[in-house]
Amino acid sequence: MPVLEMKDICKSFFGTYANRDVCLEVREGEIHALLGENGAGKTTLMNILYGMYQKDAGSITIDGHEIVFKSPKDAIARHIGMVHQHFTLVPTLTVQQNITLGLRDSGYPFSRERARCEHIDRLSDSYGLKTHSRTLVKKLSVGEMQRVEILKLLYRKAKILILDEPTAVLTPQESDHLFAMFKQLKAEGCSIIVITHHIQEVLDHCDRVTVLRDGCSISTVETKGIDAKQLSTMMIGRELVPVARERQNHHMDAPVLELVDFGFKRNGGKVGSVNLSLKQSEILGIAGVDGNGQKELLETLMGLRHHEKGKVVCCQQDISNASTAERRLAGIGYISDDRHRDSLVLDMGIAENLLLRPAQSTTTTQGRMVNKQCMLEQATRVVKEFSIKSHGLQEPMRFLSGGNQQKLVLAREFIGSPKVIIAFQPTRGLDIGATEFVHNQLLAMRSAGCATLLVSTNLEEILLLSDRIAVIHEGSIMATIENKAVDITRIGLLMAGVKTEGAAR
Amino acid sequence: MKRRDDEWVSLLVVTGATLLVAFGLIALVGSNLMVAASSFLRGIFGSSYAMSEVLVRATPLMLAALGVSIGFKTGFTNLGAEGQLYMGAIAITATALVFPGLPPIVMIPLVILVGFAAGGAWALIPGFLKARFSISEVIMTIMLNYVAINLVGILVRTSLKDPAYPYPMSPILPESANFMQMLPPTRIHAGLVMALLMVIAVHLLVFRSRLGFEMRAVGLNGRACLCSGIQVNRATILSAIAGGGLAGLAGVSEIAGLHHRLIEGISPGFGYVAIIVALLGKNHPVGIVFASIGIAALQIGSMAMQRTAGVPTSIASIVMGALILFLVIRDSRQSIAILEGV
Amino acid sequence: MEPIVVVTTFFAASIRMAIPLALAGLGESISEKSGLLNIGVEAIMLCGAFFSFMVVFSTGSFFLGILAGMLGGLSMSMLHAFLSIRFKANQTIVGLAQNFLALGLTSFLFLMSFGQTTTLPSTRVLGDLPIPLLSSIPFIGQVLFSQNLFVYLTLGCMVLAHICFYKTDFGVALHAVGEHPIAADTAGLQVHTIRYIAALFNGILGGLGGAYLTIVKLGFFQENITAGKGYIALVAVILGKRTPFGILGAALVIGGAEALQIRLQTAGTGIPSQLFAMFPYLMTIAALLLTIGSANDPAALGIPYDRDKR
Amino acid sequence: ASETKASDSMRVALLLSGPANDQGWNAVAFAGLKAAEEKYGLQTAYSEHVGIADGEAAYTDYASQGYDLVIGHGFQFGEPAVRVSSRFPNTKFMAIESNVYSKNAASYVMACEEAAYLMGMLSASMSKSGKIGMVGGFEQPSIVKVVEAYKLGAKSVNPSIEVFEAYISSFTDVALGKEAAIAMADRGADVLSHVANQAGTGVIKAAEERGLLATGDSYDQNAIAPGTVMCSTIYSVPMLVLNAVEKVQNGTYEGGVFYLGMQDGVVDIAPYNSFDGIIPDSVKTLIADTRESILNGSLKIPMIETPTRN
Ligand SMILES: Nc1ncnc2c1ncn2[C@@H]1O[C@H](COP(=O)(O)OP(=O)(O)OP(=O)(O)O)[C@@H](O)[C@H]1O
Ligand SMILES: Nc1ncnc2c1ncn2[C@@H]1O[C@H](COP(=O)(O)OP(=O)(O)OP(=O)(O)O)[C@@H](O)[C@H]1O
Ligand SMILES: [Mg+2]
Ligand SMILES: [Mg+2]
């Protein structure tokens with residue numbers, strides 16, 4: 001008997017269906033994958049199960065009893081737990097406070113910090129989820145936050161665990177570790193629902209998979225006896241064309257971007273330091289486990305954090321102490337890893353979001369006024385070129401899917417034909433179709449002569465796109481290697497901080 | 001179409017509810033309902049003078065509310081329009097008294113400029129402190145209101161005092177600093193024209209100009225602007241200055257158009273009511289025109305009601321509070337659903 | 001006059017001035033911690049002041065009066081919470097509108113009850129309640145332990161609030177709801193319920209602050225008796241960074257500035273009185289400048305929580 | 001525009017800057033209007049809370065409704081009266097305590113200083129500590145002249161008397177008024193006086209609470225604290241209104257600044273009430289004699305309108 005059965009679930013927002021007659025059945029002790037394009041309705045379905053959204057129609061049965069959840073509180077009481085894609089942790093509370101938030105254990109209403117911390121430590125030991133229960137969540141890396149989210153479920157004794165794109169922020173090793181832990185939970189009788197865009201993960205680790213498309217459930221299949229091709233066809237209705245990186249030969253000698261002894265402050269006060277140089281038509285990939293200073297490095301490079309020491313030269317121009325605007329004007333484009341926070345004004349439309357760049361670099365401004373005509377023409381062009389799906393140029397970005405939002409960010413950064421693109425996790429959270437598009441665009445820019453600094457925790461992506469690969473660990477570059485016949489184990493070791501012989505520059 | 005109908009239905013419901021409150025209270029004090037209602041309407045529409053008074057009162061409200069709205073767009077919560085208005089009033093007084101001989105053609109632009117600058121400078125203080133040191137502008141602006149009001153008190157007793165009289169007020173300003181009376185005997189003056197021009201200017205600034213775009217973007221997502229190379233602090237500070245300047249113009253307009261001298265208490269809380277006007281007008285210049293006229297009419301009408309029907313002003317205060325609450329309820333998305341459900 | 005007496009009376013005066021600010025400020029800080037920004041503290045205090053006076057006037061019972069003050073404050077804070085939560089209204093507009101509403105309502109009801117009169121309806125005031133032994137400690141005894149019930153009540157509330165904020169699950173929940181309501185919701189907290197509870201405290205404490213004015217300090221009610229103290233309480237909240245003792249400190253600074261300016265004025269100087277009137281505000285600005293770089297507004301302050309909207 | 005009086009009774013309107021029940025300046029005017037209405041069969045109307053911005057509109061509205069006499073109670077109503085007066089030649093305008101006039105608009109100034117002088121004498125005579133206090137509202141001529149005359153009166157009795165003075169920059173902040181009085185009491189003042197309207201009530205309450213003596217202002221304020229208020233100044237607005245009404249009726253109302261004092265029955269002091277037996281006869285005689293000299297013109301109390309800080 002399935003532990004969970006969702007039948008004919010319907011949910012619409014403002015008249016359009018997010019879920020239409022979706023069915024999902026999860027058995028006890030299985031890892032069940034949920035697959036689908038951006039906007040297919042995966043998150044919506046899980047939010048309904050977790051009591052965040054109220055379904056319009058359909059029924060949910062758990063252990064044979066039909067249930068109605070008014071809020072997550074009810075779901076938690078029935079031992080359901082969910083880790084959202086955008087973590088739901090309070091940054092200004094400690095790990096322990098976040099994990100025990102809303103619980104009433106012994107001693108209520110007083111917080112029994114010590115007992116709770118001990119309990120958390122026991123849990124984290126037995127599942128290999130290393131944390132410090134007394135640190136503030138805002139000091140944690142993304143990976144650590146995810147561990148806290150999972151501990152939150154375990155602390156609450158969840159029997160059905162839902163994870164929305166948990167691997168999007170993890171390195172392959174971390175992902176493997178995560179799935180290993182799922183297997184342990186599975187053995188203890190838990191059921192796990194995982195949303196993911198990585199088909200390989202589904203095939204490697206999951207027992208069954210349900211595919212959603214356009215709000216409808218296409219089918220549920222066993223992962224044994226199905227291959228990646230079949231799955232992606234089920235998901236996007238076509239076959240995926242693998243991205244190919246051709247060799248580029250016109251590398252100029254003079255570097256376009258050069259970081260000399262470039263220092264940046266990391267969280268916790270440690271100072272990282274790197275030397276890097278980028279040539280025209282080159283993609284330099286920086287691989288590394290999340291939280292090794294990538295974010296700080298890039299934000300300092302963009303002038304968003306205090307410049308510590310060293311020099312940044314872009315096209316023979318020293319921009320070490322330049323403002324963000326000046327750096328952008330010098331020809332640097334920036335794709336942040338958090339598009340909602342750093343890249344988009346969600347309440348503005350497509351057209352206006354394209355204006356989000358230094359005033360001097362826009363072509364749609366005449367004098368001090370914005371040329372509306374020009375602005376709309378530009379937006380129309382971009383929407384067409386990047387095939388952005390929307391309900392009009394003025395539709396707030398909020399209502400676009402993540403994939404389409406990301407396309408717009410790319411489009412904007414590419415408009416001014418930048419000399420350098422800094423791309424930080426450019427495909428995080430995107431479905432395979434959108435990912436394919438982004439990769440193609442980055443390669444197109446490369447062909448056009450643009451130098452790209454690609455920072456990603458996704459090693460596959462790095463290997464696929466980069467001409468050279470640098471590995472970052474604890475704020476410094478361990479080694480830089482040409483991307484020909486690279487030794488994956490060596491990169492793995494470098495990422496873990498183990499230096500090996502033969503590191504070439 | 002249905003949507004439009006709902007708007008009207010809900011507006012009717014709001015009007016009805018407000019009237020119910022008003023009539024209930026008036027009946028409680030034992031005033032005659034018909035007299036009260038007719039005097040309210042007469043106070044607003046009764047004569048061309050009455051109607052002009054509504055516009056006279058709407059003028060400073062409009063200017064100050066425009067100022068407040070610019071701040072709100074950038075996320076600068078400017079509760080200091082009252083103080084900025086008084087700074088504008090001080091500025092025009094001082095300027096006109098220092099250069100009494102200037103011809104109007106020089107004087108008028110000068111006092112407008114100086115008034116704008118004074119209001120802007122007063123708002124620059126919290127604007128700068130917010131942008132540079134992230135000090136709460138909410139408190140800062142409230143505190144600066146008190147400071148400005150007391151500053152007026154000091155000035156009209158010292159350097160700007162009329163030496164001919166013992167009263168705490170400035171001398172009458174030279175004629176050249178007076179705004180034109182447009183339709184005598186009504187008190188409508190050129191300040192109204194200035195306010196309407198400012199509506200257009202603010203509309204252009206906020207919705208057409210590059211700077212206005214930056215201001216709105218900063219208000220909606222400052223972090224994204226920072227990452228995009230938009231000068232966030234510049235936008236914040238400029239919006240503070242522009243907003244304060246507009247409130248300063250409200251002070252200029254009151255002095256140059258009505259009082260012709262600086263005296264304490266020229267603003268019966270215009271700066272605070274302006275916040276409500278801005279919010280009711282949805283921070284949109286055109287919305288503000290209607291909201292300021294509406295609120296002015298409400299105030300003028302209830303004062304007339306007090307004069308004729310003896311209805312206490314406290315009822316006007318209650319009705320104003322209630323009306324705003326009803327409007328707020330109406331505006332919330334859910335309430336439309338509720339009204340539909342009923 | 002002996003210096004020690006000057007200092008004692010000054011501190012006693014500062015405390016008297018600080019009590020209503022501290023009580024109302026504490027209430028507002030609870031509300032703000034939960035994410036509800038209520039600019040209408042003035043309204044809460046005014047209703048507290050009015051209803052407590054009316055009940056003491058007609059029943060003579062301070063107990064009932066204090067209760068009525070709390071209920072008066074509650075009526076305003078719960079209205080604000082209801083409109084902010086149920087209707088997701090703009091919290092600033094609601095607060096400002098309530099200030100108009102309460103000013104009108106209390107003046108109106110006062111007029112209805114007593115008419116236009118030149119005889120001031122007044123009551124006894126709650127007397128001082130020196131604490132045995134403690135009150136005989138030199139200086140401290142005079143300043144702290146020879147006061148009225150409300151002073152002890154305020155101190156008690158501060159201690160309780162401190163414990164509640166930093167030692168209990170409710171404090172953590174309050175913080176979570178104001179900082180990240182989605183996180184609180186997914187963790188199983190009832191965001192709206194907690195906000196209503198916060199508004200409840202805001203009303204009770206603000207109502208007490210108002211009641212202090214009428215039934216402890218003055219013994220009568222008059223139109224607009226709070227005269228802007230609600231706005232100053234908002235200042236104390238920010239200055240005190242929403243911590244109970246911070247707010248108490250801020251209230252003492254503001255109250256102390258007020259007490260000081262009056263004392264300086266009676267000492268007879270040639271300075272214009274408006275400069276003295278400005279003094280407390282200038283002090284506040286100065287104090288605010290000292291908080292440079294430590295803005296700590298709850299992230300969700302003033303933003304309605306809507307599950308369906310991400 | 002208005003026609004000539006159709007009805008038999010005269011119509012008089014009054015503009016007040018604050019609430020009619022402020023226990024002071026406005027209350028006394030309102031009471032005066034009501035008394036005049038009863039006595040002379042007038043038809044009356046009044047407006048509260050008329051700010052400077054609204055004065056002109058209020059005058060205009062009453063005038064266009066055909067009121068015969070429109071009175072603005074406060075100096076700030078002078079200018080608007082003059083400005084409106086030319087448009088309504090058939091209406092008479094009046095501003096109290098102002099100094100401007102036109103053909104049909106007059107300023108009536110009450111010689112409040114005469115009563116205040118007597119209050120100063122009484123306070124100084126009754127003070128045991130040699131220190132008395134005076135709390136003013138705003139620093140403006142109508143208030144300053146009272147404070148200054150009070151000081152002169154006190155000094156005439158006891159040249160070495162110490163008079164504490166403070167302007168609290170508010171007519172409404174009762175709590176601040178009380179605090180100012182307490183500050184003075186803390187410095188040893190044992191008689192407390194005020195010219196602060198509503199806020200002055202706080203002064204009287206402070207005196208009552210401390211077991212000190214007080215004097216009232218504007219009307220007999222003994223009822224506020226019967227065991228505390230020895231005597232009060234009286235500004236008799238009915239007399240003022242009568243004076244004007246009579247002139248309007250017999251067609252002699254004209255522009256100008258008119259000073260009305262004790263001799264005209266407009267200014268006086270209240271009875272001692274329960275203090276009749278407490279105030280020594282010598283003091284009573286002294287005050288009665290001084291009052292007599294003011295009445296017969298042999299003593300002229302100077303009108304000092306800017307503060308002379310000692
Ligand atoms: N809060 C919401 N308000 C309105 N519409 C929503 C909301 N959430 C989801 N939708 C709608 O539901 C559809 C499905 O969204 P959902 O988040 O479930 O997609 P998803 O499958 O999780 O996509 P992704 O892979 O990008 O996470 C969207 O296209 C959108 O139209
Ligand atoms: N407030 C909203 N109103 C309407 N639709 C929304 C809203 N928020 C999200 N959506 C819809 O939900 C869908 C998924 O949104 P979501 O933000 O989860 O995208 P995503 O692909 O998961 O991107 P990300 O990786 O940034 O989360 C989108 O198609 C979007 O249209
Ligand atoms: Mg999703
Ligand atoms: Mg997604």
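In what follows, chains are A, B, ... by sequence order, proteins preceding strands, each numbered from 1.
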Note: vs chain C, highest number of non-hydrogen pairs under 4.5 angstrom among B:Ile125, B:Leu279, B:Ile324 is B:Leu279
Applying a strict 4.5 Å limit to non-hydrogen atoms, the region of C:Leu275 in contact with chain B is both
Using a 3.5 Å distance criterion without hydrogens, assess whether the side chain of C:His80 forms a donor-acceptor pair with backbone atoms of C:Leu37. yes
Turns out that what part of C:Leu105 lies under 4.5 Å from chain B's heavy atoms comes down to both
Under 4.5 Å to a heavy atom of chain C? For B:Leu28 that would be both
With no hydrogens and no angle check, do the side chains of C:Ser107 and B:Ser314 hold a donor and an acceptor under 3.5 Å apart?
-> no
(message) So that I know where these two stand, are C:Phe221 and C:Phe110 an aromatic pair - ring centroids less than 6.0 Å apart?
(response) yes
Given B:Val138, B:Thr77, B:Ile139, the one with more heavy-atom pairs under 4.5 angstrom with chain C than any other is B:Ile139
Applying a strict 4.5 Å limit to non-hydrogen atoms, the region of B:Leu151 in contact with chain C is both
Just checking, is any N or O donor in the side chain of C:Asn38 or C:Glu32 under 3.5 Å from an acceptor N or O on the other one?
-> no
Looking just at side-chain N and O atoms, do B:Ser267 and B:Glu82 make a donor-acceptor pair shorter than 3.5 Å? yes
So, the part of B:Met320 with a heavy atom under 4.5 Å from chain C: the answer is side chain
Within the supplied structure, the quantity of interest is the number of heavy atoms (other residues, nucleotides, ligands) at a distance under 6.0 Å from B:Phe290 CZ; does it exceed 12? no
The interface call for B:Leu129 against chain C, heavy-atom contacts under 4.5 Å, is side chain
When the 4.5 angstrom heavy-atom criterion is applied to B:Leu25 and chain C, the contacting part is both
Turns out that what part of C:Leu289 lies under 4.5 Å from chain B's heavy atoms comes down to both
- Query: Any side-chain donor-acceptor pair under 3.5 Å between B:Tyr272 and C:Asn99?
  - Reply: no
Greatest number of non-hydrogen atom pairs under 4.5 angstrom with chain C, of B:Met140, B:Met143, B:Arg132, falls to B:Met143
Bottom line for C:Ile93: the part with an atom under 4.5 Å from chain B's heavy atoms is both
Charged N to carboxylate O below 4.0 Å: is that the case for B:Arg157 and B:Glu264? yes
Bottom line for C:Met278: the part with an atom under 4.5 Å from chain B's heavy atoms is both
